[in-house]
Amino acid sequence: LSERVFIPFRFLISIMKKFVRRSLLSLSAFVLIASNAEAQSISAYQLWKMPSYLRGFDYRFDQSCNQQDILYRKTSGATIVNLSTDGFLDMASPYDTVWGNVGALDARVGYCDSAKVRYAIAVRRGPGRGDVYYQKINQDPPSTVWKNSNQQKLYGSMLRWITSRYASDTLFVGIAPTVEPNPFSDSLCCPDTTSMKEYFTRNGVDFTAIMQLWVDSIRAGSRSVPVLIQGPGYTNPDLFSLVPIVKDSFPVYEFHSYRPKFYAEDTTTNSVTYPGQYYNFVPFELVTFDKAFIKDTVFRFINQIARETGAPIFMGEFGLETQQFGGPQFLADLSSIAIENGWAFAYWMQDNSYFDYSQWGGEYWSAVLASLNPVNSGVDESNPDSGELIISQSTNSGELSVYWPEADQSGLATQVSIYDILGRHVRSMDETESHFLLELSGLRAGIYLLSLRSGQATAHALVRWIL
């Protein structure tokens, strides 16, 4: 063999030795079998930037949870579990430590660690801050933290404590300072962005400054854990242009979607239909809600923030409260919009007949599982920190999505080469971006070596291509 063929073949043999010691997974389009990246481990923020890599479920703080529950979520295809906490400090003076909440979050983090699944933390209560849902049903008092600087600082110190407690855990990939930050409890003061801005000014609430204080507090607990920033109100898409743009190196902007409201939140089973006509909020008008309208109109402010900031987007809550006509299609449309835009997402899911897709079964659970299909996961989850090279299946048949941040660091074009199992060169190209699509159509089914080089940095992966 020539030296040109022998070198990749020799590397292929060495990496195959590692492979035979492990089970060969078989996925519908491709499988990442092994990888060797001469770079640092994958950072949490890089995972958020990888298009739709993080997909999973929310867990309410008042929802029962055990090890089996988290394992079930992972085996369903989840790469993230969004854990909510009731906060480590009491809402009211003297703001005592709520050790029960500390222990509850410790337990859930432990379940995630045992299952080797990544998790984010969503903080729902704290000094002067009530839970927005319990305020809605008059079980929590209105929040006072928005006008009380002392409470704001205490809340920030609590965020620092929570963050530092889990900062060394490589599976900890984000924290939301507060869930659905509605400074006016459940007031219907603000049907649009203009009235919301006026309400902030009239009530002396500097929403961005408060959020910046809390982001800085989180930074005191961790230099790099991503911060999940939510917009005002119920962080819904209608007012998302008002999300506070913070000064931070690792922001993720999060929104929640229950639109159309009178479909997604209807509590009477099979009483409404999707697609169908419902009132849109901004602008307020009766329209036909379908995938195109949701993507292009309801989510227009989400896309605006994504373009302005270049930061990752997280659809942190969405779903359907009860079974409805067209429900599986509704769930499939929302998840596919997220995937088409490269957003991370998490289903709001409960185990009490509401938002309970696994219990509903049939087409509902199939739609959820399809959106979490592990064929889209390019990182070996038995060792989530195996390397920076991330490969996933593109939404287009015949393509792989490749993410290698080392390319950005070198500033040079990345030389991409593909070799077959005999070490023969079959394809090559030069790429200038850290994220690119790799065309594999036309190749025969089989095992291939993917080799990347940028300057002195190299990375390799074996993929199994299945037609």
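A salt bridge is defined here as a Lys NZ or Arg NE, NH1 or NH2 lying under 4.0 Å from an Asp or Glu carboxylate O, and Asp106 with Arg165 meets this definition. Looking at Lys136 and Glu180, no side-chain N of the basic residue comes within less than 4.0 Å of a carboxylate O on the acidic one, giving no salt bridge. Note on Asp333 versus Lys295: no salt bridge recorded, every NZ/NE/NH1/NH2 to OD/OE distance being 4.0 Å or above. Using a cutoff of 4.0 Å between basic side-chain nitrogens and carboxylate oxygens, Arg125 and Asp86 are scored as salt-bridged.
With a 4.5 Å cut-off on side-chain heavy atoms, Val205 and Lys147 count as touching. Contact check for Trp48 versus Leu228: side-chain heavy atoms found under the 4.5 Å cut-off. Considering only heavy atoms from C-beta on, Val368 comes within 4.5 Å of Tyr347 through its side chain. Using a 4.5 Å heavy-atom threshold, the side chains of Asn341 and Ile313 count as separate. Residues Val243 and Ile229 have side chains in contact (heavy-atom distance under 4.5 Å, counting atoms from C-beta outward). The side-chain heavy atoms of Phe255 and Met315, taken from C-beta on, include a pair separated by under 4.5 Å. When side chains are defined from C-beta on, Leu54 does not count as touching Phe345, because their heavy atoms never get closer than 4.5 Å. Side-chain contact between Leu320 and Phe330 is present, with heavy atoms from C-beta onward closer than 4.5 Å.
Phe325 and Tyr274 have their aromatic ring centers separated by at least 6.0 angstrom. In this structure, Trp348 has its ring center no closer than 6.0 Å to that of Phe318. Taking the centre of each ring, Tyr279 and Phe284 come in below the 6.0 Å mark.
Among residues at least two apart or in separate chains, side-chain hydrogen bond (donor to acceptor under 3.5 Å, both in side chains) pairs with a member in residues 303-313 are Gln304-Glu308.
A side-chain donor from one of Gln212 and Asp216 sits under 3.5 Å from a side-chain acceptor of the other. With hydrogens and angles left out, the side-chain atoms of Tyr111 and Arg73 include no donor and acceptor closer than 3.5 Å. Side-chain contact check for Arg129 and Thr178: at least one donor-acceptor pair (N or O, by modelled atom type) lies under 3.5 Å. If you check the side chains of Tyr133 and Gln139, you find no donor sitting under 3.5 Å from an acceptor. Side-chain N/O atoms of Tyr134 and Asp62 include a donor and acceptor closer than 3.5 Å.
Atom CZ of Arg219 is separated from atom OG of Ser249 by 7.5 Å, given to the nearest 0.5 angstrom. Within the model, atoms CG of Asp266 and OG of Ser271 stand 3.5 Å from one another, a figure rounded to the nearest 0.5 Å.
Residues passing the ring pair (Phe, Tyr, Trp, His ring centres under 6.0 Å) test with Phe172, sequence neighbours excluded: Tyr119. Listed by chain and number, the residues in a side-chain hydrogen bond (donor to acceptor under 3.5 Å, both in side chains) with Thr322 are Gln324 (sequence neighbours excluded).
In this structure, Gln152 contributes its side chain and Trp146 its backbone to a donor-acceptor pair below 3.5 Å. For Ser366 (side chain) and Glu363 (main-chain N/O), no donor-acceptor pair under 3.5 Å exists by modelled atom type.
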Check the pair Tyr253 / Gln230 against side-chain hydrogen bond (donor to acceptor under 3.5 Å, both in side chains), numbers first and verdict last.
CA-CA 6 Å; Tyr253 291 97; Gln230 300 184 12; over 6 Å; no

Applying salt bridge (charged side-chain N to carboxylate O under 4.0 Å, His left out), run through Glu321 and Lys261 and close with a yes or a no.
CA-CA 10 Å; Glu321 190 157 354; Lys261 177 180 175 63; over 6 Å; no

Could you check Thr85 against Arg124 for side-chain hydrogen bond (donor to acceptor under 3.5 Å, both in side chains), going step by step and ending with a plain yes or no?
CA-CA 6 Å; Thr85 175; Arg124 301 189 69 96; over 6 Å; no

Test log, rule side-chain hydrogen bond (donor to acceptor under 3.5 Å, both in side chains), inputs Glu317 and Ser257:
CA-CA 6 Å; Glu317 286 186 22; Ser257 182; over 6 Å; no

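Annotation for Lys153: atom NZ does not count as buried by contact number, only 12 or fewer foreign heavy atoms lying within 6.0 Å.
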